[in-house]
Amino acid sequence: MRRRSLLALALSLGSVLAAGQAIAQSAPSPQWSVRDMPSQQGRTFLVTGGTSGMGYEDAKALAAAGGTVIIAARNPERGREAIEQIRQDVPEAQVRFATLDLSDLASVRALSTQLKASLPRLDGLINNAAIMAPPQRGVSADGLELQFATNYAGHFLLTAELLPLLRKSSAARVVTVSSIAVHQGRIDFEDLQSGKAYQAFPAYAQSKLACLMFALELQRRSQAGHWGITSLAAHPGVAVTELVARGPGLESDQGRQWSANRAHFQSAAQGAVPTLYAMTSPQAQGGAYYGPTGPREIAGPLGLASVPAAAGDTAAAARLWTVSEQLTGARFPDAGAAATPAGR
């Protein structure tokens with residue numbers, strides 16, 4: 001199967017989206033914007049991949065609303081630059097950088113250990129960082145396919161490791177960023193690491209489908225186990241970020257088509273709106289999936305995103321959860337474990 005271009009990938013979603021089912025939730029106001037965010041004073045957030053793109057916009061908006069923000073990413077120099085820029089726009093911003101390489105499970109554990117030793121609690125986790133469609137198959141430090149490791153497995157472990165801090169919050173939320181590519185995705189349990197036949201976009205779509213399945217399964221398990229965590233998912237549509245340049249490349253066929261059509265896509269700030277709504281709005285609901293509602297969900301006003309049937313397969317989600325625990329060594333609480341009250 002030949003690789004699809006980014007534009008073709010986006011435009012081919014129409015018929016699939018028509019068949020997808022939006023979660024039975026109350027739709028948000030399509031006019032909602034960062035100006036409607038309530039104060040986040042006294043709340044602490046971790047944003048992965050916050051040095052650029054939507055993660056940067058998430059971090060800036062949360063800091064502007066009074067929150068304390070930790071940007072977790074690989075490059076300290078880019079982290080310093082991001083923080084300087086945020087403080088230029090938001091002089092009173094409480095923001096700092098923490099080193100995190102999601103493709104290295106040891107790095108995930110190291111950051112989690114640092115945070116558990118330094119924070120009284122964590123109120124919000126945005127699982128945002130991602131790579132998209134590198135032409136050649138990469139392998140993580142732990143032997144996982146690089147997109148699966150960075151986009152999904154690292155976030156799975158990070159959430160498990162930070163769950164004790166999240167459970168100390170009175171209203172903790174975990175927002176996991178997915179993609180319209182989920183409608184092209186399938187979980188290949190026989191070749192999760194794309195070792196038999198690597199195809200860049202199918203591997204990306206699988207990783208993002210895994211992210212959405214994780215967000216929904218986390219909400220189910222939190223409810224069943226009384227963990228006190230609200231899990232939500234969001235996607236940006238197609239946003240103008242560095243994903244293409246750092247993935248297939250701007251000189252690739254996909255990159256050239258993307259560049260030619262970028263005027264029709266969302267800005268990074270627009271792309272961040274569904275995530276920020278999920279993280280901060282009192283009306284956001286656990287287990288919901290938010291995104292733009294324009295044609296094919298590429299851009300447009302905020303609303304409920306379409307959930308493909310594969311993401312709603314609870315048996316597959318439970319299987320993926322078990323496999324992910326085995327691959328990462330992550331351990332979540334037992335189903336009957338009670339939540340720790342805030343401040344304890």
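In this text, all values refer to a predicted model and were calculated from it rather than measured experimentally.
Using a 4.5 Å heavy-atom cutoff, the side chains of Val174 and Leu218 are in contact. Contact of the Leu158 side chain with the Leu100 side chain is registered, since non-hydrogen atoms from C-beta on lie closer than 4.5 Å. Taking the side chain as every heavy atom from C-beta outward, Trp321 and Met213 never approach each other to under 4.5 Å. The shortest distance between side-chain heavy atoms of Val177 and Cys211 does not fall below 4.5 Å. Between Ser26 and Gln283 the shortest side-chain heavy-atom distance does not fall below 4.5 Å. Two residues are said to be in side-chain contact when any heavy atoms from C-beta on lie closer than 4.5 Å; Met132 and Ser179 fail this criterion. The shortest side-chain heavy-atom distance between Tyr56 and Gln85 falls under the 4.5 Å cut-off. At a threshold of 4.5 Å between non-hydrogen side-chain atoms, the residues Thr328 and Val108 do not count as touching.
Neither side chain, His155 nor Thr176, offers a donor N or O lying under 3.5 Å from an acceptor on the other. Side chains of Thr159 and Asn127: a donor-acceptor N/O pair is present below 3.5 angstrom, by distance only. A donor atom on one side chain and an acceptor atom on the other are found under 3.5 Å apart for Asn151 and Ser207.
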Item checked: Lys116/Glu161 under salt bridge (charged side-chain N to carboxylate O under 4.0 Å, His left out): CA gap, chis, key distance, verdict -> CA-CA 9 Å; Lys116 284 184 281 191; Glu161 289 285 315; 3.5 Å; yes
Margin query: Run Ile126 and Leu62 through side chain to side chain contact (heavy atoms under 4.5 Å, CB included) and show every step you take.
Written below: CA-CA 11 Å; Ile126 298 180; Leu62 291 169; 4.0 Å; yes
Notebook entry, point to check: Would Leu163 and Phe332 count as a side chain to side chain contact (heavy atoms under 4.5 Å, CB included) if you check the C-alpha gap in whole Å, the side-chain angles of each, and the deciding distance to 0.1 Å?
Noted result: CA-CA 8 Å; Leu163 204 65; Phe332 284 84; 3.9 Å; yes
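Using cut-offs of 30° and 60° for the angle between ring planes, the Tyr152 and Phe148 rings count as perpendicular.
A donor-acceptor pair is defined here as one N or O able to donate and one able to accept, closer than 3.5 Å; no such pair exists between the side chain of Lys208 and the backbone of His183. Panel note: side chain Gln206, backbone Asp188; a donor-acceptor pair is recorded below 3.5 Å. Between the side chain of Ser222 and the backbone N or O of Ile229, at least one donor-acceptor pair lies under 3.5 Å. In this structure, the side chain of Asp123 engages the main chain of Thr44 through a donor-acceptor pair within 3.5 Å. Side chain of Gln40 to backbone of Pro38: a donor-acceptor contact under 3.5 angstrom is found. In terms of modelled atom types and a separation under 3.5 Å, the side chain of Gln219 and the main chain of Ser231 share a donor-acceptor contact. A donor-acceptor contact shorter than 3.5 Å links the side chain of Arg87 to the backbone of Val95. Checked by atom type and distance alone, the side chain of Arg43 pairs as donor or acceptor with a backbone atom of Ala171 at under 3.5 Å. When atom types are taken as modelled, the side chain of Arg173 and the backbone of Ala278 share a donor-acceptor pair closer than 3.5 angstrom. Of the possible donor and acceptor atoms, none in the side chain of Asp142 sits under 3.5 Å from a partner among the backbone N and O of Leu144.
Taking the ring centre of Phe189 as origin, the terminal cationic atom of Arg319 falls inside the region bounded by 6.0 Å and 45° from the ring axis.
Among Arg137, Gln147, Gln136, the one residue that satisfies the side chain to side chain donor-acceptor pair (under 3.5 Å) test with Tyr198 is Gln147. Under the side chain to side chain contact (heavy atoms under 4.5 Å, CB included) rule, Val175 has a single partner from Thr275, Asn128, Asp58, Leu125, which is Thr275.
Note on Glu81 versus Arg78: no salt bridge recorded, every NZ/NE/NH1/NH2 to OD/OE distance being 4.0 Å or above.
Shortest non-hydrogen contact noted between Leu216 and Ala311 is CD1-O, 3.7 Å. Nearest heavy-atom pair across Ser140 and Ala149 is CB-CB, 3.7 Å. Counting all heavy atoms, side chain and backbone alike, Gly312 lies closest to Val307 at N-CG1, 4.5 Å. Residues Thr99 and Ser107 share a closest heavy-atom pair of O-OG, 4.4 Å. In terms of heavy-atom proximity, Gly53 sits nearest to Ala268 at C-CB, 3.9 Å. Closest approach of Ser194 and Ala203 over heavy atoms only: OG-CB, 3.8 Å.
To the nearest 0.5 angstrom, Leu111 atom CG is 9.0 Å from Leu102 atom CG. With rounding to the nearest 0.5 Å, the separation of NZ in Lys168 from CG in Leu166 is 11.0 Å.
Counting heavy atoms of neighbouring residues, nucleotides and ligands inside a 6.0 Å radius, atom CD of Glu84 exceeds 12 of them. In the displayed structure, Gln94 atom CD is contacted under 6.0 Å by at most 12 heavy atoms of other residues, nucleotides or ligands.
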